[in-house]
Amino acid sequence: MSTDLASEQDFFDMAPPGVGIHITRLKTDDHTTRETLAQHIHHMADAASRLQPDMKPEVVSYGCTSGSIVNGEQAVFDAIVKGAPWAQPMCIVTGVVDALRAVGAQKLVVGTPYLDEINTAEAEFLVRKGFDILDIQGLNLATGIEFGQVTPSFWRDFAVQIDQPEADAIFLSCGGIRALEVAEEIEQIVGKPVITSNQAQFWSCLRRAGLPDRLTGFGQLFQHPGTEILPQ
């Protein structure tokens, strides 16, 4: 998204040697509602077509969690394929589901920066995917710029606060928040997997590109080979 302050740095921080990251921005209104997110689909094919078409990246992913839910995974994939037919299409929520399943999570607590209407849509999406949502708490922030201005230490404290003993994992949702920086620290405090949107997306994209790198410093997810989503 054009308002995202966090994703690019997260991707470059996680990139293993020899892996190229190419990014384009998708124009969005800096007010994150179902209505504004639904507009992304109209610009997605064009954005995908600008991602190094001569080099033909192996995976092209749409990097907005709430937008992936509002627009729907298949609609996102179709738009990406229209613009970048040479690439595997992906989006953040596909990676999140991959990641949660990889760590064996069933019962979740979810932290977000979103308004209640987005939290409701996200909870419904995760339930449809087979997860039990013990709690979902949002900060009721309205703009992508605000999302990126929340400090990593706040996300650490927030995650610990919303955790429940029965939860298998904590999911910190949104590609525009600075949660990756503290994911491993939170895991050490709560003793369970912590999944963030950018971490999950990047892990899944690597595995879908056939890259089994086991990275350190970004949470236990990267120790999972992802054999179920590696290309055959």
Side-chain angles (χ1 to χ4, degrees), residues 1 4-24 51-52 55-65 68 87-105 108-112 131 147-148 150-156 158-160 163 167-232:
M1 295 168 64
D4 189 316
L5 300 181
S7 291
E8 292 186 3
Q9 188 61 54
D10 282 354
F11 299 150
F12 287 117
D13 286 346
M14 289 184 285
V19 173
I21 309 298
H22 304 281
I23 297 168
T24 191
L51 285 165
Q52 300 291 340
M55 292 296 293
K56 295 181 171 51
E58 293 182 59
V59 181
V60 170
S61 185
Y62 166 50
C64 177
T65 313
S68 299
Q88 295 182 61
M90 258 285 292
C91 64
I92 279 190
V93 293
T94 304
V96 167
V97 171
D98 288 342
L100 290 169
R101 289 173 177 166
V103 300
L108 311 177
V109 291
V110 183
T112 86
F131 301 103
F147 296 175
V150 179
T151 64
S153 61
F154 180 92
W155 289 112
R156 178 197 61 215
F158 186 52
V160 173
D163 184 34
D168 302 318
I170 298 171
F171 171 37
L172 295 177
S173 176
C174 183
I177 64 173
R178 294 180 60 195
L180 175 70
E181 297 167 60
V182 289
E184 192 158 286
E185 183 180 357
I186 300 167
E187 289 184 342
Q188 292 168 356
I189 296 170
V190 301
K192 63 188 66 173
V194 173
I195 301 301
T196 80
S197 289
N198 289 338
Q199 168 221 51
Q201 176 181 217
F202 197 77
W203 172 84
S204 186
C205 284
L206 287 178
R207 299 304 185 252
R208 290 171 184 276
L211 300 170
D213 299 73
R214 298 197 175 199
L215 310 181
T216 59
F218 306 109
Q220 61 182 268
L221 173 64
F222 279 100
Q223 302 312 303
H224 290 269
T227 51
E228 68 279 5
I229 58 173
L230 281 165
Q232 302 301 313

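Side-chain contact check for Phe147 versus Asp4: every heavy-atom pair is 4.5 Å or farther apart. Counting only heavy atoms from C-beta outward, the side chains of Ser204 and Ile229 approach each other to under 4.5 Å. Side-chain atoms of Leu180 and Phe202, non-hydrogen and from C-beta on, never get closer than 4.5 Å to each other. In this structure, the side chains of Gln201 and Phe11 come closer than 4.5 Å at one or more pairs of heavy atoms. You'll find the side chain of Ile21 reaches within 4.5 Å of the side chain of Ile23, heavy atoms only. In this structure the side chain of Gln52 never reaches within 4.5 angstrom of the side chain of Thr24, judged on heavy atoms. Using a 4.5 Å heavy-atom cutoff, the side chains of Leu211 and Cys205 are not in contact.
We find the CH2-OG1 distance between Trp203 and Thr196 to be 13.0 Å, quoted to the nearest 0.5 Å. Taking CD of Glu8 as the reference point, atom CG of Asn198 lies at 10.5 Å (rounded to 0.5 Å).
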Could you list the donor-acceptor pairs under 3.5 angstrom formed by side chains in residues 167-177, with sequence neighbours left out?
residue	atom	partner	partner atom	Å
Asp168	OD2	Gln106	N	2.9
Asp168	OD2	Lys107	N	2.7
Ser173	OG	Tyr114	OH	3.3
Ser173	OG	Glu122	OE1	3.0
Ser173	OG	Glu122	OE2	2.8

Which donor-acceptor pairs under 3.5 Å do side chains of residues 215-225 form with protein atoms, sequence neighbours excluded?
residue	atom	partner	partner atom	Å
Gln223	NE2	Leu215	O	2.7
His224	ND1	Ala102	O	3.2

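In the model, Asp10 has no side-chain atom that pairs as donor or acceptor with a side-chain atom of Ser7 under 3.5 Å.
Heavy atoms only, all atoms of each residue included: Arg208 and Gln88 are closest at O-NE2, 2.7 Å. Across Ala87 and Pro57, no two heavy atoms sit closer than the pair CB-O, 3.3 Å. Heavy-atom minimum distance, Gly63 versus Ile92: C-CD1, 3.6 Å.
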Verdict with supporting geometry, Lys192 and Asp163, salt bridge (Lys or Arg N to Asp or Glu O under 4.0 Å): CA-CA 10 Å; Lys192 63 188 66 173; Asp163 184 34; 2.9 Å; yes
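Glu58 CD: 12 or fewer foreign heavy atoms inside a 6.0 Å radius.
Between the side chain of Arg207 and the backbone N or O of Asp213 there is at least one donor-acceptor pair closer than 3.5 Å. The closest donor-acceptor contact from the side chain of Gln199 to the backbone of Val194 lies under 3.5 Å. With Ser68 contributing its side chain and Cys64 its backbone, the two residues share a donor-acceptor pair below 3.5 Å. For the pair Arg156 (side chain) and Val160 (backbone), a donor-acceptor distance under 3.5 Å is absent.
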